[in-house]
Amino acid sequence: MRILSLSVKAFGKLRDVELTFRNGINVIENVNGFGKTTLANFIRAMLYGFAYSRTKNGVDAQRFAPWGVSDKFGGSMTVEHNGEIYRIERFFGKTARGEEMLFLNANTNKPINISCSIGEYLLGLTADSYDRSAYFPQEAVELYSNDNFEAKLANLVENSEVDYDKTQKIIREYRKNLKFERGDGGEIYRLNVEKMRLERELGNALQAERRSVQIEERLAQITAEKRAIAAKQTECKKTLDKLKHQLASKSLTEADRQTLAKIAELEGRIARVPSDIEHAKQHLDKLANDIADVKDVVKPRIYHNMMWLIISCVLAVVGIAMYFVIPKPWNFVSGSVLILLGIAGAIVSFTKKGAATLPAGEKDALVSEYFRIAGKYVFTDNLDYNAVVKAFWKCYSDYNGDKRELDALRGAVKKTDGGEDVFQREIDVAEKELETAAEQFACLAGEEGRLTQEGQSLNFDSIAPKEQIEKINAQITEAEKKYYVAGVVSSLLADAKDRLSASYLPRLCSRCGQLLRQVTNGDYDVIIDRSFTVQIRQDGQTKPMGEFSRGIREITLLCFRIALAELLYDGQIPFMIADDAFVNFDENNFVRATDLLKSVAEHGQVIYFTCHKRTGSLLK
């Protein structure tokens, strides 16, 4: 591939720049700040586009968006590849969605549909590979491996069209669809989840089947128990009828039955009264006597007549006033009379009116004790002492009357041989057994209903889950087999790649060393390992690149890239950009480096950006 022309409408600091290029060496010399590096990035952007996400250098769309331009920015580039001329138009926005791209055959104006980047289509290199081979910026002094390099070289060695990276990516995606290397996911995981679900379903079905058997066994037991209870109920009813018939044959008159009923009533009333009522009566009688013996404390009550008191005060005041108003000697006589009348009226207004009777504290304690004891037999709430005394006496009288009546009735009852009590007890026992049997029968009937309903709701179909589990197991086995085979294929490809790398690595190392010796006049040589780690040998001693000057590192890198590009393109390097890459070279190394770059341009195109007048052999 070679660039024929480019047109920059707006890109970074560049505005309306038109350039044409020829095959071989193209030297673009201009002052610092012109935008040489920006122009090199424009070419890369035309081929590979932008990284709109943040990288270590920031966001490309922000770095190269021109100041004062709110619209899209970009341009076009015309290239020649394999005898065909292509036109690339690319305008960028703030996001990938805002980007517009047109890639067409300039001879036919027919758009080219590609599934990769334009740079991959034209150069056969990914963006990373382009940065490490075809593009040589001033600051590039690091080397590291790239799968696209190795795959490309391996394909050239074997003369194969198979893309190793794509094949491995397909295999990885295929294995990932089967099972994630980390975490949960993939077809095998999904099948295992489904298998676990079916195993739970099968376990539930087997458990339901066992439960169904238990229910059937219990229902059979319930049926047998119900038959036994029904037979027992029939037998109890026959026995009960017989006992009732025998009890009825005993001759008791109606009067005797009424007397027995009255006796039972009296016995119940007597039983409800505490048995120590006699002792309580004696205690309460003593308390009543003690309460009666306690003397009341009498305190006189003094009342005053307010009317008389007011009148008396008025008379006294008027009498005093007469001493000063009425002439003598009448003032002394009349004043004294009125004052004496006021004093007498005041004395008369305070008179004793009867007396108040207050209970003693001892009497209160005796009454409280009386209430406490009597409260065991009668209700004392809201009653005074006399009412409680009457209530207790009534209770005691009723109790003694019931006892006397009970004794009289017991003597009047007709004596029997006691057979009725025996029959009645047997009847009570039979009725209790009959009641218990009915309760047991009802409980069994309820349990039978619940078990029948539960049995009808059970789903114990275990055949379908078993068949589905067998099918899932077969699918899992097949998927795991595919996963294993894909892993083996990936491993074999990696091994093959390693074996192939052994065939191109000596060529790369030999060519790189040859070029380095040529540029440095034989002062340095290189050693390159499988991971593209480069070491430099000087005076028979091998050291890492970091121990050498920047100029030597850049010379080594240049030779490595040229050797690598020659291997990638079978000796015919189609395209290379160098952006002030030799500023750290001394004069002799600079001349030899430009000679080397010029030899590359004999079979391809080299674009050299510089801000220096020094061009070495480039323009010769």
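What you see is a predicted model; the values in this text were computed from it and never measured. Just so it is clear, the values below take in all heavy atoms, side chains as well, and ignore hydrogens, waters and symmetry mates.
- In this structure, E467 contributes its side chain and E470 its backbone to no donor-acceptor pair below 3.5 Å.
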* Asked: Taking it one step at a time, do L219 and T452 satisfy side-chain contact (heavy atoms from CB on, under 4.5 Å)?
  -> CA-CA 8 Å; L219 287 176; T452 301; 4.0 Å; yes

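- Two residues are said to be in side-chain contact when any heavy atoms from C-beta on lie closer than 4.5 Å; F590 and R592 fail this criterion.
- Counting only distance, with no hydrogens or angles, the side chain of T477 and the backbone of N473 share a donor-acceptor pair below 3.5 Å.
- Between the CG atom of L515 and the OG1 atom of T556 there is a distance of 11.0 Å, given to the nearest 0.5 Å.
- Remark: K9 is not positioned above the aromatic ring of F11, lacking an NZ or CZ atom under 6.0 angstrom from the ring centre and at most 45 degrees off the axis.
- Shown here for L458 and A208, the closest heavy-atom pair between the two residues is CD1-O, 3.7 Å.
- Between S7 and E18, the side chains place a donor N or O and an acceptor N or O closer than 3.5 Å (distance only, hydrogens not considered).
- For the atom pair NZ (K471) and CG (L191), the distance works out to 10.5 Å, reported to the nearest 0.5 Å.
- Contact of the M576 side chain with the I607 side chain is not registered, since no non-hydrogen atoms from C-beta on lie closer than 4.5 Å.
- Across all their heavy atoms, G74 and F42 have their closest contact at C-CE1, 3.9 Å.
- Heavy atoms only, all atoms of each residue included: T610 and K36 are closest at O-CD, 3.2 Å.
- In this structure, CD1 on I88 lies 5.5 Å from CG on L47, to the nearest 0.5 angstrom.
- Around atom CD of Q207, no more than 12 heavy atoms belonging to other residues, nucleotides or ligands sit under 6.0 Å away.
- Residues K176 and E181 are not paired through a salt bridge, judged by the lack of any N-O separation under 4.0 Å between the basic side chain and the carboxylate.
- Annotation: side chain of L558 is not in contact with side chain of L516 (no heavy-atom distance under 4.5 Å).
- Residues E173 and K169 are not paired through a salt bridge, judged by the lack of any N-O separation under 4.0 Å between the basic side chain and the carboxylate.
- Between atom CG of residue L178 and atom CD1 of residue I476 there is a gap of 12.0 Å, rounded to the nearest 0.5 Å.
- For the pair R15 (side chain) and A10 (backbone), a donor-acceptor distance under 3.5 Å is absent.
- F103 and Y121 have perpendicular rings, their planes meeting at more than 60° on a 0 to 90° scale where under 30° would count as parallel.
- Under the 3.5 Å distance criterion, with hydrogens and angles disregarded, no donor-acceptor pair is assigned to the side chains of Q453 and R450.
- Of all non-hydrogen atoms in V526 and C512, the two that sit nearest each other are CG2-SG, 3.8 Å.
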* Could you walk me through whether D523 and Q538 pass the side chain to side chain donor-acceptor pair (under 3.5 Å) check? -> CA-CA 7 Å; D523 292 337; Q538 181 184 20; over 6 Å; no

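- A distance-only check finds no donor-acceptor pair linking the side chain of E80 to the backbone of Y86 [under 3.5 Å].
- Within the 3.5 Å criterion, the main-chain N or O of G185 finds no donor-acceptor partner in the side chain of R190.
- For the pair R175 and Y483, the cation sits on the ring face: its NZ or CZ lies under 6.0 Å from the ring centre, inside 45° of the axis.
- Taking a cutoff of 4.0 Å between a charged side-chain nitrogen and a carboxylate oxygen, R218 and E447 qualify as a salt bridge.
- Rounding to the nearest 0.5 Å gives a distance of 10.5 Å between CG of L451 and CD of Q221.
- Here E194 pairs with R197 in a salt bridge; the nearest charged N to carboxylate O distance falls below 4.0 Å.
- The closest side-chain donor-acceptor pair between Q168 and S490 falls under 3.5 angstrom.
- Between Y524 and I555, the closest side-chain pair of non-hydrogen atoms is not below 4.5 Å.
- Here Y130 and Y48 bring their ring centres to under 6.0 angstrom of each other.
- Salt-bridge check for E454 with R211: passed, with a basic side-chain N closer than 4.0 Å to an acidic carboxylate O.
- By the 4.5 Å heavy-atom criterion applied to side chains, Y608 and N26 are not counted as neighbours.
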* Step-by-step side-chain contact (heavy atoms from CB on, under 4.5 Å) determination, L6 to M46 -> CA-CA 10 Å; L6 58 82; M46 290 293 105; over 6 Å; no

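- Residue E201 holds its CD atom at 6.5 Å from CD of Q468, rounded to the nearest 0.5 Å.
- D461 places a side-chain N or O within 3.5 Å of a backbone atom of I463 that can act as its donor or acceptor partner.
- A salt bridge links R87 and E89; the closest N-O separation between the charged side-chain nitrogens and carboxylate oxygens is under 4.0 Å.
- A pairwise comparison of heavy atoms in V519 and C559 identifies CG2-SG, 4.0 Å as the closest pair.
- In this structure a side-chain-to-backbone donor-acceptor pair under 3.5 Å is present from T594 to V591.
- At least one side-chain heavy atom of I3 sits under 4.5 Å from a side-chain heavy atom of I43.
- Of the residues listed (I85, T20, N23, V79), the one engaging L4 in a side chain to side chain contact (heavy atoms under 4.5 Å, CB included) is I85, and it is the only one.
- In this structure, I562 and L596 have side chains that are in contact, with non-hydrogen atoms separated by less than 4.5 Å.
- Salt bridge status for E187 with K179: absent, with no side-chain N to carboxylate O gap under 4.0 Å.
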* Asked: For S212 and E209, what are the C-alpha separation, side-chain angles and deciding distance, and is it a side chain to side chain donor-acceptor pair (under 3.5 Å)?
  -> CA-CA 5 Å; S212 177; E209 187 175 358; over 6 Å; no

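- Between V488 and S491, every side-chain heavy-atom pair lies at or beyond the 4.5 Å cut-off.
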* So I472 and I469, side-chain contact (heavy atoms from CB on, under 4.5 Å) or not? Walk me through it. -> CA-CA 5 Å; I472 289 287; I469 289 174; 5.5 Å; no

* Starting from the C-alpha separation in whole Å, work towards a yes-or-no answer on side-chain contact (heavy atoms from CB on, under 4.5 Å) for I188 and E480. => CA-CA 7 Å; I188 295 176; E480 288 179 343; 3.8 Å; yes

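- Considering every non-hydrogen atom in both A563 and R511, the closest pair reads CB-CG, 3.6 Å.
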* Run the numbers on E100 and K72 for salt bridge (charged side-chain N to carboxylate O under 4.0 Å, His left out), then give the verdict. => CA-CA 9 Å; E100 296 180 359; K72 297 178 180 179; 2.7 Å; yes

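- Here the two rings, on F73 and F91, have centers that are 6.0 Å apart or farther.
- Of the possible polar contacts, none joining the R507 side chain to the S510 backbone as a donor-acceptor pair under 3.5 Å is found.
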